[in-house]
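Right, one structure below, let's go through it.
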Amino acid sequence: MKVLYFAWVRERIGTDCEEVSPPAAVGDVGSLVAWLRNRSEGHAEALSDLARVRVAVNQEAVGPDHPVASGDEIAFFPPMTGG
Amino acid sequence: MKVLYFAWVRERIGTDCEEVSPPAAVGDVGSLVAWLRNRSEGHAEALSDLARVRVAVNQEAVGPDHPVASGDEIAFFPPMTGG
Amino acid sequence: MIRLQREDFDPGIELASLGEGNPVIGGICTFVGLVRDCSAAGPVTAMTLEHYPGMTEKELARIEAEARARWPIEDVLIIHRHGRLLPGERIVLVATASAHRQAAFDACQFLIDWLKTRAPFWKREEGPAGARWVEARAEDDDAAARWREDDRKE
Amino acid sequence: MIRLQREDFDPGIELASLGEGNPVIGGICTFVGLVRDCSAAGPVTAMTLEHYPGMTEKELARIEAEARARWPIEDVLIIHRHGRLLPGERIVLVATASAHRQAAFDACQFLIDWLKTRAPFWKREEGPAGARWVEARAEDDDAAARWREDDRKE
């Protein structure tokens with residue numbers, strides 16, 4: 001699956017996009033976040049507090065229980081500040 | 001004093017402006033209206049129902065108790081419908 | 001700024017100078033009112049706006065002053081036309097510029113609500129059945145009543 | 001209509017075609033957001049708007065659809081810029097055309113309120129002390145929360 005990062009999440013992780021292949025047990029957003037935290041110190045820090053980070057699966061805002069599957073586009077970013 | 005009429009008040013009275021010299025006893029808007037009603041059938045009809053007519057004295061909206069004096073500009077018109 | 005005129009106006013040109021170069025402004029809210037081809041009373045082929053020269057300018061100035069007293073507004077523009085207009089033509093433009101969007105929205109809505117019930121304009125509609133004076137609408141009175149006189153934010 | 005672009009836009013030109021020739025339209029409400037030279041965090045010398053290409057367009061389309069479901073809107077225009085902007089520059093334009101002014105005002109305010117909390121844009125401000133990501137504001141969440149999901153007028 002493709003994982004995208006935006007704004008300060010992107011800066012802390014150090015990349016805007018990565019292809020990842022988590023184990024089959026990673027079936028929802030919450031377990032994906034737990035798995036991503038182990039990839040680097042930047043991941044651990046950026047994704048440490050899920051209250052500060054929003055998630056989209058296939059370009060739609062979702063909660064931590066939302067399923068994820070290979071082929072999905074998952075994005076992590078701070079609360080929006082446009083307009 | 002100068003009396004102005006607008007919209008359907010103007011049409012019913014048949015003029016947009018007249019100079020009038022009411023007796024000294026005519027000291028407020030209410031008594032002026034009562035006096036104007038005697039000038040013509042058009043006046044009587046246009047000013048018959050004060051709930052349907054607004055009044056301005058010297059270009060400021062006022063109520064029936066507002067004083068009027070010679071030299072004043074008094075206007076009668078329906079509720080506003082601009083914008 | 002207040003303008004009363006017979007001729008049409010170009011909202012783009014008018015808005016370009018609103019609060020120009022004032023870096024405090026974060027939002028501009030604009031309302032433009034147009035002649036519809038149909039009203040509560042039926043089809044409308046034309047509309048004539050009568051007004052009270054002298055009082056109109058004064059009343060619009062009072063309404064602008066009231067808005068400025070209630071909200072932190074950086075700039076205001078009110079343009080109102082009079083004379084005979086056809087469906088689709090612009091009647092009125094009200095615009096407010098403020099540091100904050102809520103103040104811009106509230107002040108703009110206040111201005112058009114008060115203008116509709118306080119500025120001395122009267123509309124006469126023409127239709128297939130002849131001409132008729134537009135009746136004041138209870139909804140407009142209700143809209144204006146939202147902004148009570150004693151509601152100043154100061 | 002929704003447009004996402006780096007370059008500036010001319011509100012006058014954009015609004016000219018909004019609901020053009022639709023004689024049902026009685027009111028057009030427009031909000032334009034500008035870069036201020038000062039924010040809650042201090043002086044601002046420039047601002048960069050990052051966004052999520054693909055999701056941004058989808059989210060703006062969802063927000064437009066929601067507004068059309070809630071109010072009798074004849075036309076909608078949303079233009080949002082991204083990239084680096086200087087104080088005084090336009091960021092966003094939201095405009096709504098409706099038969100009635102209250103619907104135009106409400107829908108316009110709804111669109112900007114939802115856009116601020118739902119469209120994937122992030123602002124990075126530059127100032128004398130360096131650059132910082134703008135924090136989401138509780139006021140914007142409160143403004144968006146006025147329009148509850150289950151509040152559809154239909």
Side-chain angles (χ1 to χ4, degrees), chain C residues 9-16 18-40 43-45 47 74 86-102 104-106 108-113 115-116 137 139-140 142-143 146, chain D residues 9-16 18-40 43-45 47 74 86-102 104-106 108-113 115-116 137 139-140 142-143 146:
Chain C
F9 52 86
D10 180 326
I13 291 171
E14 303 298 346
L15 290 172
L18 188 79
E20 201 177 11
N22 179 345
V24 165
I25 295 172
I28 295 174
C29 184
T30 309
F31 178 80
V32 174
L34 306 165
V35 180
R36 295 164 59 202
D37 70 353
C38 188
S39 78
V44 174
T45 53
M47 169 177 286
E74 299 293 325
L86 300 177
E89 284 200 75
R90 283 176 276 267
I91 305 169
V92 62
L93 177 149
V94 174
T96 51
S98 176
H100 302 289
R101 85 176 177 287
Q102 195 59 52
F105 266 107
D106 288 347
C108 189
Q109 199 153 0
F110 166 83
L111 285 167
I112 189 71
D113 286 349
L115 185 158
K116 283 203 173 249
R137 302 185 322 148
E139 293 144 79
D140 287 331
D142 294 346
R146 289 183 294 188
Chain D
F9 53 86
D10 180 327
I13 291 171
E14 303 297 346
L15 290 171
L18 187 80
E20 202 178 9
N22 179 344
V24 166
I25 295 172
I28 295 173
C29 184
T30 308
F31 178 80
V32 174
L34 306 165
V35 181
R36 294 163 62 202
D37 70 353
C38 187
S39 77
V44 175
T45 53
M47 169 178 284
E74 298 293 325
L86 300 178
E89 284 200 75
R90 283 176 277 266
I91 305 170
V92 62
L93 178 148
V94 174
T96 52
S98 176
H100 303 289
R101 85 175 178 286
Q102 194 59 52
F105 266 106
D106 288 347
C108 189
Q109 199 153 0
F110 166 83
L111 285 167
I112 187 72
D113 285 350
L115 184 158
K116 284 204 173 248
R137 301 185 323 149
E139 292 145 79
D140 287 331
D142 294 347
R146 287 183 295 188

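Every chain is numbered from 1 and lettered A, B, ... according to where its sequence line falls, protein lines coming before strand lines. A quick note: this is a predicted structure, and the numbers were derived from the prediction, not measured.
With rounding to the nearest 0.5 Å, the separation of CG in C/Leu86 from CG in C/Asp37 is 11.5 Å. Residue C/Glu14 holds its CD atom at 11.0 Å from OG1 of C/Thr30, rounded to the nearest 0.5 Å.
Ring pair D/Phe105/C/Phe105 is perpendicular by interplanar angle, where above 60° counts as perpendicular and below 30° as parallel.
Taking the side chain as every heavy atom from C-beta outward, C/Arg146 and C/Gln109 approach each other to under 4.5 Å. With contacts defined as side-chain heavy-atom distances shorter than 4.5 Å, the pair C/Arg101/D/Lys116 qualifies.
When C/Asn22, C/Ile13, C/Val32 are compared by the number of non-hydrogen pairs under 4.5 Å with chain D, C/Val32 comes out ahead. In terms of heavy-atom pairs under 4.5 Å with chain C, the best-connected choice from D/Val35, D/Leu15, D/Ile112 is D/Ile112. Heavy-atom pairs under 4.5 Å with chain C were tallied for D/Gly88, D/Gly19, D/Ala143, D/Cys108; the largest tally goes to D/Cys108. Among the candidates C/Ala97, C/Pro87, C/Gly27, C/Ala95, the residue making the largest number of heavy-atom pairs closer than 4.5 Å to chain D is C/Gly27. Taking chain D as the reference chain and counting heavy-atom pairs below 4.5 Å, the highest number among C/Gly21, C/Pro23, C/Gly12 is found for C/Pro23.
Within the 4.5 angstrom heavy-atom criterion, atoms from both the backbone and the side chain of D/Asp113 approach chain C. Using a 4.5 Å cut-off between heavy atoms, D/Ala99 contacts chain C through both its backbone and its side chain.
Checked by atom type and distance alone, the side chain of C/Arg90 pairs as donor or acceptor with a backbone atom of C/Phe9 at under 3.5 Å.
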